[in-house]
Amino acid sequence: MEIIEQITHLQVLNQFWILLFFLIPMVLISRTVVAGTRFSPILIIVIFGLLLGFILVNVGIASPGLVEFPFVDFMARTTIIALIVSFFVGGQELRKILGNKKLEVDDIVVPCDEETILGTSRTQFIFIIRAFFLLLGIEAFVRMILHGQGAEGLAAYNPLIAYIGIVFAVILIDNRAQIKNKHQYIRKGLLELALIIVVLYLSYHIAQAISSVIALPQIFFAMMISAALGAIFYNWTFGPTIRALLFAGIPVVLAANFMVGGSRIGDAFAIEGMNAVLAYGFFGQLLWMFGGIALVMLIARTSHARNLAPGMAGSLSHSGLTGACTAGDFGSIAAKRAPIMINIPFFGHVFVFSVLAISAERGSLWIGPTAIIVAIGVGLTALALFNLRKANDDDRKEVKALMQFSFGWQICAVFGGLMLLSLSTMSFEYTTMAQTSAISHFGLFAAIQGEMFGTEAALLIPFIFSMPFLVHPLVFYMFGKAMERDGHMPNKPVYVLALLGVIGVTFALFLA
């Protein structure tokens, strides 16, 4: 018995080191590959993560889902933690815009720009490692609180994992960065960490409490609470926790999810009806992403990435563009606007998740309310494009128009896509997975991952979500070309890609 316990202890430590050496190098390599270009490292994380997961299964090291590496799935399920930070920052920026508050210069820390690894400065390197430990520690701590002493297997080690994650996250401060008040900076980080845990705890219990009335997912309440906190504390200058998660939280989470998704490639293709789901997800990326960009360029007459990148990140709740924007890959203006645009459509998720929750109970899409919501979305999108056209490079007018576009186009994409899919023979669970992947929608992904549509969908979603990311070379290539052209997106390729999306989606619907 003692030998078995010793082996289990060793396994926990091994799993921790394996996870560390899987994810951190993946993020660093992705930054090295795109160093000196204007392309986003998330593009490389997509390819690297899928390939690594696929290889591990095909050489016999692991089985689909990477059950031999439970910490990878553990990290993949920390999506909600990374999103809470984006919602908080979005709440801050929203309050400043709507309340006409003066934007304060954040000068509590001056990062060290010394390049530690090609494409990654010393402070950025610390942020990436700290984000890893924060995600690991917070998730373990919350699981420990929610599940108590009833946990078995590796879950019984949640207190140890939480201790390792949180302690390392606290002490990992770049000593070469210029910090005005080190003690205040560390205290800010601890408070931010505690608030994330509180938001997770409260949102979980609220979702459980009302589940008998309507099955709204935890992510919805986490969004509402964190955005409200951001609006209240709009002058909060970031401590090390928010800085690290805002910079590297989404890339680390995506790296883990893509590994899990890559491991399921072989099995998923054998499932009946999966080809139609994947085809719609793939071509839906072209339709909703480049179709939206084409509308903005044609009607609003703007092709600059400061509008297109945050506008599309927000309107599609798009995980890849969100991570690229918040990491500063598309410039400082896009980085500042992205959290606002991510938050705006989430206020519409009271409709999204309520309609989907009722539809899940019915086993089919609730058509009547869906049609009304789509009509509202079309009207909002038209209004947004008209206002953006009249903005004349005025920052406040552009931001307000993009807020309207984020809300309107999101409704069109989510509910319009579900209405299209209702014409096919797919089951409702498959249509939700297909639509989630077609717009890389982080909120719907987190909801499905939280088993809003059952266990099968929760197990398949990392793969379904990750496969359309193979389109992302095109997405990031186009935005990369825009950044090389002083931020201006090329016109004709966008229109061609949007047309391909229309043709491909039509094919996928008939395939189903």
Side-chain angles (χ1 to χ4, degrees), residues 9 11-24 27 70-89 109 123-149 151 153-175 177 179 181-205 218 222 225-226 229 236-253 255-256:
H9 296 335
Q11 185 184 10
V12 171
L13 290 174
N14 286 342
Q15 289 293 335
F16 168 76
W17 289 115
I18 287 171
L19 181 68
L20 181 69
F21 290 122
F22 270 157
L23 300 189
I24 299 300
V27 177
F71 276 22
V72 177
D73 183 67
F74 184 96
M75 183 65 83
R77 292 180 180 270
T78 62
T79 308
I80 191 171
I81 299 172
L83 288 180
I84 283 172
V85 174
S86 292
F87 296 147
F88 176 83
V89 177
V109 176
T123 301
Q124 290 172 338
F125 179 68
I126 297 295
F127 279 166
I128 293 168
I129 299 177
R130 187 192 294 148
F132 171 88
F133 282 109
L134 280 168
L135 292 167
L136 195 71
I138 292 170
E139 179 70 9
F141 190 85
V142 172
R143 290 191 185 191
M144 178 183 73
I145 295 172
L146 295 178
H147 303 300
Q149 299 301 314
L154 290 179
Y157 291 85
N158 280 337
L160 176 61
I161 301 167
Y163 173 78
I164 292 172
I166 292 173
V167 166
F168 273 93
V170 171
I171 64 175
L172 277 169
I173 305 290
D174 185 5
N175 64 314
I179 304 170
N181 187 327
K182 292 184 174 62
H183 291 291
Q184 182 192 37
Y185 187 60
I186 293 172
R187 285 197 301 271
K188 277 178 172 285
L190 289 171
L191 182 57
E192 291 165 352
L193 192 151
L195 282 174
I196 291 172
I197 292 172
V198 169
V199 170
L200 288 167
Y201 181 81
L202 289 176
S203 59
Y204 174 84
H205 282 289
Q218 181 187 4
I225 296 169
S226 52
L229 287 172
W236 179 265
T237 51
F238 304 151
T241 298
I242 287 182
R243 288 174 188 271
L245 290 176
L246 197 61
F247 177 78
I250 290 176
V252 171
V253 169

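Any value given below was found using the heavy atoms of this structure, including those in side chains, with hydrogens, waters and symmetry copies removed.
Here His205 contributes atom NE2 and Gln218 contributes atom CD; the two are 9.5 Å apart, rounded to the nearest 0.5 Å. Within the model, atoms CZ of Phe88 and CD1 of Ile242 stand 4.5 Å from one another, a figure rounded to the nearest 0.5 Å. We find the CD1-CD1 distance between Ile138 and Ile166 to be 7.0 Å, quoted to the nearest 0.5 Å. Atom CD1 of Ile80 is separated from atom CD1 of Ile196 by 11.0 Å, given to the nearest 0.5 angstrom. We find the CG-CG distance between Leu200 and Leu195 to be 11.0 Å, quoted to the nearest 0.5 Å. Atom CG of Leu20 is separated from atom CZ of Phe168 by 9.5 Å, given to the nearest 0.5 angstrom.
Between Ala162 and Ala140 the shortest heavy-atom distance is N-CB, 3.5 Å. Taking each heavy atom of Ala244 and Arg130 in turn, the nearest pair found is CB-CD, 3.7 Å. Across all their heavy atoms, Phe74 and Leu136 have their closest contact at CE2-O, 3.7 Å. Between Gly239 and Lys188, the shortest heavy-atom contact is CA-CB, 3.8 Å. When all heavy atoms of Ser226 and Ala222 are compared, the pair lying nearest together is OG-O, 2.6 Å. Contact between Phe127 and Ala248 at its shortest, heavy atoms only, is O-CB, 4.1 Å.
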* Please step through side-chain contact (heavy atoms from CB on, under 4.5 Å) for the pair Leu23 and Met75, ending with a clear verdict. => CA-CA 10 Å; Leu23 300 189; Met75 183 65 83; 3.6 Å; yes
* Chi angles and distances behind the side-chain contact (heavy atoms from CB on, under 4.5 Å) call for Trp236, Leu191 -> CA-CA 11 Å; Trp236 179 265; Leu191 182 57; 3.6 Å; yes
* Stepwise salt bridge (charged side-chain N to carboxylate O under 4.0 Å, His left out) check, Glu139 with Arg143 -> CA-CA 6 Å; Glu139 179 70 9; Arg143 290 191 185 191; 2.8 Å; yes
* Could you please spell out the steps behind the side-chain contact (heavy atoms from CB on, under 4.5 Å) verdict for Arg243 and Tyr185? => CA-CA 11 Å; Arg243 288 174 188 271; Tyr185 187 60; 3.3 Å; yes
* Between Tyr201 and Val142, does a side-chain contact (heavy atoms from CB on, under 4.5 Å) hold up when you go through it step by step? -> CA-CA 7 Å; Tyr201 181 81; Val142 172; 5.8 Å; no
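Other residues, nucleotides and ligands place no more than 12 heavy atoms under 6.0 Å from the CZ atom of Phe141.
If you run side-chain contact (heavy atoms from CB on, under 4.5 Å) between Leu245 and each of Val253, Leu135, Ile250, Val252, only Leu135 comes through.
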